[in-house]
Amino acid sequence: MSFTKLSVSGLALLAVSATTAAAQSRDNVQIAGSSTVLPYATIVAEAFGENFDFPTPVVESGGSSTGLRRFCEGVGENTIDIANSSRSIRDNEIETCAANGVTDIIEVRFGYDGIVFASDIDGNSFEFTPSDWYLALAAELPVDGEMVANPNTNWNEVNGDLPDQEISAFIPGTRHGTREVFDERVILQGCEDTGSMAAMMEMGMDEDAAEEACMEIRADGVSVDIDGDYTETLARIDADANGIGVFGLAFYENNTDRLQVATMNGIVPTVDAIATGEYPVSRPLFFYIKAAHLGVIPGLQDYASFFVSDDIAGPFGPLAAYGLVSDPELSEVQATVASGATMN
């Protein structure tokens, strides 16, 4: 991704001279994690390299879980400084971090994104509800007091108002933060809305077991986990006219020449619909900073402050132009980064 050197006057104020840091063999910030956050972090890293006296940070993908796993491996120049994530860090990840000496973590929520459902631009149009996706992808459904293998293979078997089209879904793999939001905000919600969760509990399941059964995705080829980034999902749709993929809003908005987006509960996913909370499948985006690396890895503090500045993450910055919904509490986020306040 190329990024034209920023010319806004505010960047001149942000681009301070590098200060002398403690001696180390690594002189650039290293980042890994969410494929959803990847394009935003890449935009910021390239602009940072052009406007500051520090090397351009290295940004890798791999998924939220992979990024946080690497983040929690320990402290030192052989470990990454920042983990990008499209979900909040989990308690067990915080425990792993602490066990490996990563005890001071700064959580930075830099904006919001929506999860969208998109298909080939020349194909059928869809108006989905969470119930449709649950009935299409659940491994088993409760029928007459028993759990039976999901028999649905066509969208109009799920919902008679949907097109007569074979179900072929490409969803994020389990290491991606997007998957967690998809499972909980779409599949689990659909399970509840259809009455299936209540039916499972009437069959004797406790709440935890029923939730687990709700979110178990079928493994018969109707749904395919995508472990790569959204470009792989797009390639799958290009090769399968029936394919419907799960994407971040920003990726869809940058591929509207190839994709059409579905509504969810009658709402078209847009920046405004996500900002107001009207669109039902949205989520905050984060990056996590290893506080022990501040003042040791050159440019780390500067990069973080630059990322959440008004000129970058504000409503008129390049991240918003790419599709980010700016955080309405951005000034508080900026204060957290400036003070280095860690998670409790």
Side-chain angles (χ1 to χ4, degrees), residues 34-36 62-66 69 86-87 90 92 115-120 126 128-159 162-197 199-201 203-248 262 264 281:
S34 167
S35 58
T36 298
S64 299
S65 295
T66 297
R69 176 183 55 76
S86 57
R87 60 168 174 80
R90 298 169 180 154
N92 67 314
I115 295 175
V116 308
F117 305 85
S119 53
D120 185 88
F126 284 83
F128 287 124
T129 66
S131 297
D132 298 331
W133 278 87
Y134 166 70
L135 293 172
L137 300 193
E140 294 183 323
L141 301 173
V143 178
D144 297 330
E146 296 181 352
M147 297 299 291
V148 301
N150 192 335
N152 297 318
T153 59
N154 193 297
W155 283 108
N156 66 6
E157 294 173 348
V158 166
N159 180 340
L162 293 176
D164 179 5
Q165 178 172 313
E166 179 183 335
I167 300 171
S168 179
F170 300 105
I171 67 175
T174 55
R175 71 181 182 179
H176 292 286
T178 305
R179 175 60 174 270
E180 181 174 307
V181 179
F182 172 75
D183 284 347
E184 295 182 358
R185 302 287 294 278
V186 180
I187 300 299
L188 181 58
Q189 185 65 54
C191 187
E192 295 174 354
D193 292 347
T194 60
S196 294
M197 185 169 176
M200 293 176 195
M201 295 177 70
M203 291 162 51
M205 295 186 190
D206 62 25
E207 185 173 357
D208 288 343
E211 285 191 359
E212 184 176 345
C214 284
M215 293 188 290
E216 183 181 353
I217 300 298
R218 61 198 299 177
D220 56 1
V222 170
S223 177
V224 177
D225 282 10
I226 302 298
D227 290 326
D229 59 23
Y230 294 133
T231 57
E232 181 180 346
T233 307
L234 181 59
R236 294 295 190 102
I237 291 175
D238 285 342
D240 181 354
N242 293 319
I244 299 177
V246 178
F247 299 93
M264 181 59 72
V281 197

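Keep in mind that what you see is a predicted model, and the values were worked out from it rather than measured. Scope of the values below: all heavy atoms of this structure, side chains included, with no hydrogens, waters or symmetry mates.
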Minimum heavy-atom distance Leu141-Ala138, with the two atoms named: CD2-CB, 3.7 Å
Donor-acceptor under 3.5 Å (Asn150 side chain, Leu135 main chain): yes
According to salt bridge (charged side-chain N to carboxylate O under 4.0 Å, His left out), does anything in residues 170-190 pair up with another residue at least two apart or in another chain? List the pairs. Arg87-Glu180, Arg90-Glu180, Arg179-Asp183, Arg179-Asp225
Hey, what do you get for CD (Glu157) to CG (Leu162), rounding to the nearest 0.5 Å? 11.5 Å
List the atom of Ser119, the atom of Ile237, and the distance in Å for their closest heavy-atom pair. C-CG2, 4.3 Å
Could you go through Met197 and Leu188, starting from their C-alpha distance and side-chain angles, then the distance that decides it, and tell me whether this counts as side-chain contact (heavy atoms from CB on, under 4.5 Å)? CA-CA 8 Å; Met197 185 169 176; Leu188 181 58; 4.2 Å; yes
If you look only at pairs with a residue in residues 137-146, which of them pass as a salt bridge (charged side-chain N to carboxylate O under 4.0 Å, His left out), with sequence neighbours excluded? none
Return the minimal non-hydrogen interatomic distance between Met205 and Ala210, and the atom names on each side. SD-CA, 3.9 Å
List in chain and number order the residues that pass side-chain hydrogen bond (donor to acceptor under 3.5 Å, both in side chains) with Thr194, two or more places apart in sequence or in another chain; answer none if no residue qualifies. Ser196
Under the rule for side-chain hydrogen bond (donor to acceptor under 3.5 Å, both in side chains), what residues qualify as partners of Gln189, not counting sequence neighbours? Asp193
Do Phe117 and Asp132 come within less than 4.5 Å of each other through their side chains, counting heavy atoms only? no
Looking only at heavy atoms, the pair that brings Thr178 and Ser86 closest together is N-OG, 3.3 Å
Rounded to the nearest 0.5 Å, what separation is found between the CZ atom of Phe170 and the CG atom of Leu234? 11.0 Å
By the salt bridge (charged side-chain N to carboxylate O under 4.0 Å, His left out) test, which pairs, at least two apart or in different chains, include something from residues 211-221? Arg218-Asp220
Let me confirm one number: the CD-CG distance from Gln165 to Asn156, rounded to the nearest 0.5 Å. 10.0 Å
Can you sort out the partners of Ala149 under side chain to side chain contact (heavy atoms under 4.5 Å, CB included), two or more places apart, ordered by chain and number? none
Minimum heavy-atom distance between Thr233 and Gly245, given as atom pair plus value: CG2-CA, 3.9 Å
About how many Å separate CD1 of Ile217 and OG of Ser223, when rounded to the nearest 0.5 Å? 6.0 Å
Sort and list the pairs that fulfil ring pair (Phe, Tyr, Trp, His ring centres under 6.0 Å) and have at least one residue in residues 208-229, not counting sequence neighbours. none
Here's a test for you: under side-chain contact (heavy atoms from CB on, under 4.5 Å), which of Ile244, Leu137, Ile187, Ile226 qualifies with Ile171? Leu137
Those residues that, when tested against Asp164, pass side-chain hydrogen bond (donor to acceptor under 3.5 Å, both in side chains) (two or more places apart): Asn154
Residues 235-245 vs side chain to side chain donor-acceptor pair (under 3.5 Å), sequence neighbours excluded, gives Ser168-Asp240, Asp238-Arg258
Sequence-distant partners of Asp120, side-chain hydrogen bond (donor to acceptor under 3.5 Å, both in side chains), two or more places apart: none
Under the ring pair (Phe, Tyr, Trp, His ring centres under 6.0 Å) test, which residues partner Phe128, sequence neighbours left out? Phe126, Trp133, Trp155
Nearest 0.5 angstrom please: Ser131 OG to Glu192 CD, how far? 10.0 Å
Can you list everything that forms a ring pair (Phe, Tyr, Trp, His ring centres under 6.0 Å) with Phe247? Sequence neighbours excluded, please. Tyr230, Phe251
On a heavy-atom basis, which atom in Ala136 and which in Val222 lie closest, and how many Å separate them? O-CG1, 4.4 Å
Minimum side-chain heavy-atom gap Ile115-Val186 below 4.5 Å: no
